[in-house]
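Each chain gets a letter, A, B and so on, in the order its sequence line appears, and its residues count up from 1.
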Amino acid sequence: MKMDPQTFRLTDSGNFGRNMLIMGVLGLVISFVGYVINQEQFFFSYLVAFAFWTTLGLGALFFLMLHHLTGAVWSVVLRRIIESLASSLPVMLVLFIPILLGMHSLYHWSHADVVASDPVLSQKAGYLNMTFFTIRTVVYFGIWFLLGLGLYKASRNQDGGHTDAIQARMRKLSAGGMILYAFSVSFAAFDWLMSLDPHWFSTIFGVYIFSGGFLIFLSFIVVFTTWLRQNGVLAGVITIEHNHDLGRLLFAFTVWWAYIAGSQYFLIWYGNLPEETHWFLDRWTGSWKPWSLFIITAHFAIPFFVLVFRASKRNAKILLSIAVLYFVMHWADLYWVVMPTLHKSGVKLSWMDLTTWLGVGGIFLSIFWRRYSAAPLIPVGDPNLQKSMDVVHL
Amino acid sequence: MSNLKIHGLLAEFADPHALINAAKAVRDAGYKTFDCHSPFPVHGMDQAMGMKRSSIGFIVAVFAFLGAVIGLGLQGWASTAAYPLVISGKPLFSWQAYIIITFALFVLFGAISAVLGMLRLNKLPRLHHPVFYSDRFKSASDDGFFVSIEASDTQFDAALTKTFLESIGGKNVEVLEGE
């Protein structure tokens, strides 16, 4: 991998894109074998993998809009990576097809006979039905497609020469986009994940999924930029100072995730209504109990006590380990949300959990890389670029 | 003059850039109790003066965790020992219910210790400082850039330090004299 230091374009984009595509195709092909062997397990594993990579893209889209709305300077050097992630989201709509095919395995409410004999589900049938579910998913992706691509295109125009009109456009898109984002992400989380248990409801659930997604996005940026620097790309541009900022956000959103997870649990615990508490009771049964405790420990306590120190945010290795930890923990968290629907008695890991994760991830990352490697690696037209490179924290 | 005490020396510099260089020179010369004064924050001044990072973070951490322990302990004690009362069939020690106040006291103690610790570390409140003996010093809130070296510094010597301040470009070097 080589970068031209004048244009910040890759002159040799290396094997990453190809490797990811191979990993993706292989992962999906092997997972298909799993589909033949055990359909139910395949669809549930696939849903976890799909949610993992989609929330990564969604975290990126949120950060991108926030960047434009706040007029952030430090993150300008990271912007092209973030734009490429956010504008790769539409590929997940194609990867959503297996979920549509597996609806009867995944979603209890998709069976007409079950709904007919269940008064609660019949009441919800106006919302929870297969046609409307599909339409909503297309609408969510439509919103994310327009926002991601709109912001990416504006940024590419800016590469040719900055004008105030471009900046105004990016801000306007972000302002409206932020509102659409909040609704679409929340409802997508309700539809895809919360409706696995169609009797259960939690209004904060969408925020919970979002908070995990933002953490995995930050972690991805830490891992990806570390890898870029190790390959000698952008080594003097994305520095320990940017790491420090990412570490601060990771720390803040570790607390935020715990706050949201705690709020969700707390209200349900306090109210003590059977139709709400059963969701947590399911996740406290058998080996789900240690799994729950594992999430509290490694998704909150460990990162909190590591990242609270300034020195660990400025230490590339420590920050990288926390970021890698989140790759495990975000998956474990989504697994904890999804899998108790299938494996009620306890955790039952399957090889398909891994292959679907690699498969969906490989496809998503190869698309991301195609986009990222085709343009200058930083937004060369941004008036704040130099300031962002020079950022120093006392 | 005999009842007046020498508190230190004050030297004026032309601009922020000169002030940074002066700070470095004073630091390199081995002075410890000196300060720089400017109408606005000068970027890079902390490093130039050789200042260590503030210990405020550790003060806040200690008090914040103390607050959390007090919050949790108080609620636990009240509902299990002082006034045990079963509420909505939940166990006496229902830690879930205590988290909010524990967290709130964590934040409260952290915030209060941050403010008080900051004042303490800045040696505030303080009603007077020797630099105010200088009439020229008023411009430090307008367009003046000053370095002051206090007499309490082990290296301080009224004559030698004055020569030193002049040698690094200090103008209008004044002796801060007062009661």
Give a yes or no on this: more than 12 heavy atoms of other residues, nucleotides or ligands lie within 6.0 Å of atom CZ of Phe309(A). no

Does the pair Ile99(B) and Phe266(A) meet the rule for a side chain to side chain contact (heavy atoms under 4.5 Å, CB included), with working shown? CA-CA 9 Å; Ile99(B) 292 297; Phe266(A) 179 74; 5.7 Å; no

So, the part of Ile87(B) with a heavy atom under 4.5 Å from chain A: the answer is neither

Heavy-atom side-chain proximity of Trp269(A) to Lys90(B) below 4.5 angstrom: yes

Step through the shown structure and confirm whether more than 12 heavy atoms of other residues, nucleotides or ligands are within 6.0 Å of CH2 on Trp256(A). no

Should the heavy atoms of other residues, nucleotides or ligands under 6.0 Å from CZ of Phe156(B) be counted, would the total exceed 12? yes

Counting neighbours of NE2 on His278(A) that are heavy atoms of other residues, nucleotides or ligands and sit closer than 6.0 Å, is the number greater than 12? yes

